[in-house]
Amino acid sequence: MTCPVPHSEPRPVPLGGPRFQTDPTELYRQMRREHGAVAPVVLDGDVPAWLVLGYRELHQVTSDPVLFSRDSDLWNQWDRIPADWPLLPMIGRKQPSILYTVGERHRERADVVSGALEAIDPFVLRARAERFADELIDALCGKGSCDIIAEYAMLLPVRVLASVYGFADEQGPGLVKAMNDMINGQEGALEGQRHLGESMFGLLAAKAEAPGDDVASRMLANTAGFTVEEVAQDLMVMMAAGHQPTADWIGNSLRLMLTDDRFAASLSGGRHSVGEAMNEVLWEDTPTQNVAGRWASRDTHLGGRRIGGGDLLLLGLAAANSDPHVRADSGALTGGNNAYLSFGHGEHRCPFPAQEVAETIARTGIEVLLDRLPDVDLAVAPESLARRPSPWLRGLTALPVTYTPTPALGALG
């Protein structure tokens with residue numbers, strides 16, 4: 001892939017750096033002014049790609065899985081990618097998971113995943129989310145202050161997901177640590193990945209012997225001929241994709257409610273505002289900013305750009321949500337409008353049952369916290385809140401709060 005734009009045009013934008021952490025909305029606005037709806041970017045190691053910023057263009061890409069394929073083998077940059085490239089976990093090659101499967105096989109796998117998730121009883125899901133939320137708040141309610149991200153939001157989703165997948169409750173804390181170590185990408189990342197893999201294969205072996213009313217058992221019982229490895233890979237993808245964005249959805253929504261007067265009612269028990277705030281976050285502060293990716297199966301044009309066969313396109317979900325063609329007044333509340341692209345679009349979008357599971361976990365987590373800690377308040381100046389330095393997932397590094405200490409529920413019994 002040669003330089004994607006003539007030298008007379010603005011240079012490609014590095015996909016990284018502090019601006020993604022501080023003010024990505026303004027960065028996307030500037031990129032749209034300088035480059036249009038499809039901007040040239042460079043990844044780690046000066047690897048070129050395209051970032052799709054326009055709502056209509058992103059809709060076009062995700063609606064045509066043949067021209068814009070999910071098959072990463074098409075990439076024309078593989079000969080430049082070293083074995084230790086830091087983005088390999090995100091832009092992998094020959095991965096056996098649902099993420100990189102295409103065509104009829106992908107549709108079959110998506111049906112298996114959707115069916116297994118759709119069968120989750122919503123009342124059971126909410127009850128488990130409430131139970132784990134109460135346990136977490138019991139551990140911090142007497143302190144009078146805490147970091148909602150580290151002590152609550154980053155602990156809740158994976159506990160609930162592990163439970164409905166079929167793991168025993170005592171395995172939950174280990175899975176929480178493994179998942180968060182993987183996401184942090186630091187010293188324990190590989191050990192966390194190993195623990196998650198071993199745990200998932202162990203779960204499937206146990207469920208093959210003694211099936212239950214859980215996601216793992218339902219996926220094993222499918223008749224589409226998937227291997228145990230494929231089922232394990234899909235369960236791991238589902239857990240990773242379901243945990244971190246949901247944790248960030250909780251954190252970003254609570255930040256909005258604690259810093260924006262439009263949602264102050266939620267802090268005095270107004271449940272309507274919780275749903276509004278969560279919806280607003282999916283438009284303005286979506287946990288999944290950018291997604292890798294799609295690969296052009298042949299030379300084509302998109303947004304006035306010539307896209308070469310094998311070029312990588314990154315889905316700019318956050319940028320598309322703020323496209324002035326669909327949000328002329330970015331300051332106005334979106335109300336019940338759910339035309340955001342935060343869960344993707346097309347046959348590779350997040351399955352609808354998975355969205356419903358994430359929404360139930362996030363909303364329950366927020367509501368239980370507000371019920372248990374009704375006078376929760378931000379402990380620092382709003383402008384001091386920091387984001388993780390990632391162009392991919394947008395979440396807070398910490399959300400320090402104060403509240404009146406209360407007794408744990410267990411102590412009241």
Side-chain angles (χ1 to χ4, degrees), residues 96-99 101 106-136 138 155-179 195-247 249-250 343 349-368 409-410:
S97 77
I98 191 174
L99 290 179
T101 308
H106 174 269
R107 286 186 282 275
E108 291 174 346
R109 291 182 83 160
D111 286 344
V112 170
V113 168
S114 294
L117 293 175
E118 196 169 24
I120 298 173
D121 186 323
F123 297 103
V124 171
L125 176 65
R126 180 169 178 91
R128 294 187 186 185
E130 288 178 344
R131 175 163 62 87
F132 289 123
D134 276 327
E135 287 182 11
L136 292 171
D138 274 354
L155 307 180
L156 179 62
V158 69
R159 289 297 304 275
V160 182
L161 292 172
S163 178
V164 296
Y165 284 5
F167 285 104
D169 283 354
E170 56 266 25
Q171 293 176 275
L175 290 166
V176 169
K177 183 179 186 306
M179 185 64 66
H195 180 86
L196 178 62
E198 291 180 352
S199 299
M200 203 63 75
F201 278 101
L203 172 67
L204 292 176
K207 295 302 176 180
E209 291 289 328
D213 182 14
D214 51 65
V215 172
S217 297
R218 288 191 286 271
M219 289 184 67
L220 283 174
N222 79 80
T223 58
F226 294 106
T227 66
V228 171
E229 181 183 7
E230 287 175 314
V231 173
Q233 287 287 338
D234 289 352
L235 283 168
M236 286 188 280
V237 164
M238 289 158 54
M239 183 169 281
H243 170 59
Q244 183 64 62
T246 305
W249 198 2
I250 294 171
F343 292 106
R349 70 174 293 154
C350 177
F352 285 109
Q355 296 176 38
E356 293 173 347
V357 169
E359 182 174 1
T360 297
I361 295 172
R363 181 159 187 154
T364 303
I366 294 169
E367 291 181 349
V368 170
L409 290 181

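Just so you know, these numbers come straight off a predicted model, no measurement behind them.
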Original post:
For the atom pair CE (M219) and CG (L117), what is the distance rounded to the nearest 0.5 Å?
Top reply: 8.0 Å
Subject >> Validation row: R159, E135 side chains within 4.5 angstrom (heavy atoms) >> reply: yes
Original post:
CG/L156 to NE2/H243 distance, rounded to the nearest 0.5 angstrom?
Top reply: 9.5 Å
**OP:** For the residue pair F226 and E108, establish whether any side-chain heavy-atom pair is separated by less than 4.5 Å.
**Re:** yes
**OP:** For atom CG of D213, decide whether the heavy atoms of other residues, nucleotides or ligands shown that lie under 6.0 angstrom number more than 12.
**Re:** no
Original post:
Do I361 and L161 pass the side chain to side chain contact (heavy atoms under 4.5 Å, CB included) test, and can you show the C-alpha distance, the side-chain angles, and the key distance before you say yes or no?
Top reply: CA-CA 9 Å; I361 295 172; L161 292 172; 4.0 Å; yes
Subject >> Considering all heavy atoms, the nearest L203-A216 contact >> reply: CD2-CB, 3.8 Å
**OP:** Could you check L136 against V368 for side chain to side chain contact (heavy atoms under 4.5 Å, CB included), going step by step and ending with a plain yes or no?
**Re:** CA-CA 10 Å; L136 292 171; V368 170; over 6 Å; no
Subject >> Considering all heavy atoms, the nearest P157-I250 contact >> reply: CG-CD1, 4.5 Å
Subject >> Minimum-distance pair of heavy atoms, taken over all atoms of H195 and A178 >> reply: CD2-CB, 3.6 Å
Original post:
Are any side-chain N or O atoms of R109 and backbone N or O atoms of E230, one a donor and one an acceptor, separated by less than 3.5 Å?
Top reply: yes
Extract all donor-acceptor atom pairs below 3.5 Å that involve side chains of residues 162-176 and protein atoms in other chains or at least two apart in sequence.
| residue | atom | partner | partner atom | Å |
| --- | --- | --- | --- | --- |
| S163 | OG | R128 | NH1 | 2.9 |
| D169 | OD2 | R131 | NH1 | 3.0 |
| D169 | OD2 | R131 | NH2 | 3.4 |
| Q171 | OE1 | A168 | N | 3.1 |

**OP:** Side-chain contact test, heavy atoms from C-beta onward, threshold under 4.5 Å: evaluate it for E118 versus F352 and give yes or no.
**Re:** no
**OP:** Grab the two heavy atoms, one from A358 and one from T246, that are nearest each other, plus how far apart they are.
**Re:** CB-OG1, 3.5 Å
Original post:
Can any side-chain N or O of T360 pair as donor or acceptor with the backbone N or O of E356 at less than 3.5 Å?
Top reply: yes
**OP:** Please report the closest heavy-atom contact between S114 and P353, naming both atoms and the distance.
**Re:** O-CG, 3.7 Å
Original post:
If we only count heavy atoms from C-beta on, is the L125 to T364 side-chain gap below 4.5 Å?
Top reply: no
Original post:
If you round to the nearest 0.5 Å, how far is NZ of K207 from CG of L220?
Top reply: 10.0 Å
Original post:
To the nearest 0.5 Å, what is the distance between CE (M179) and CE (M236)?
Top reply: 9.5 Å
Original post:
Would you say V112 and V231 make side-chain contact, with heavy atoms under 4.5 Å?
Top reply: no
Subject >> Closest contact, heavy atoms only, P211 versus S217 >> reply: CA-OG, 3.5 Å
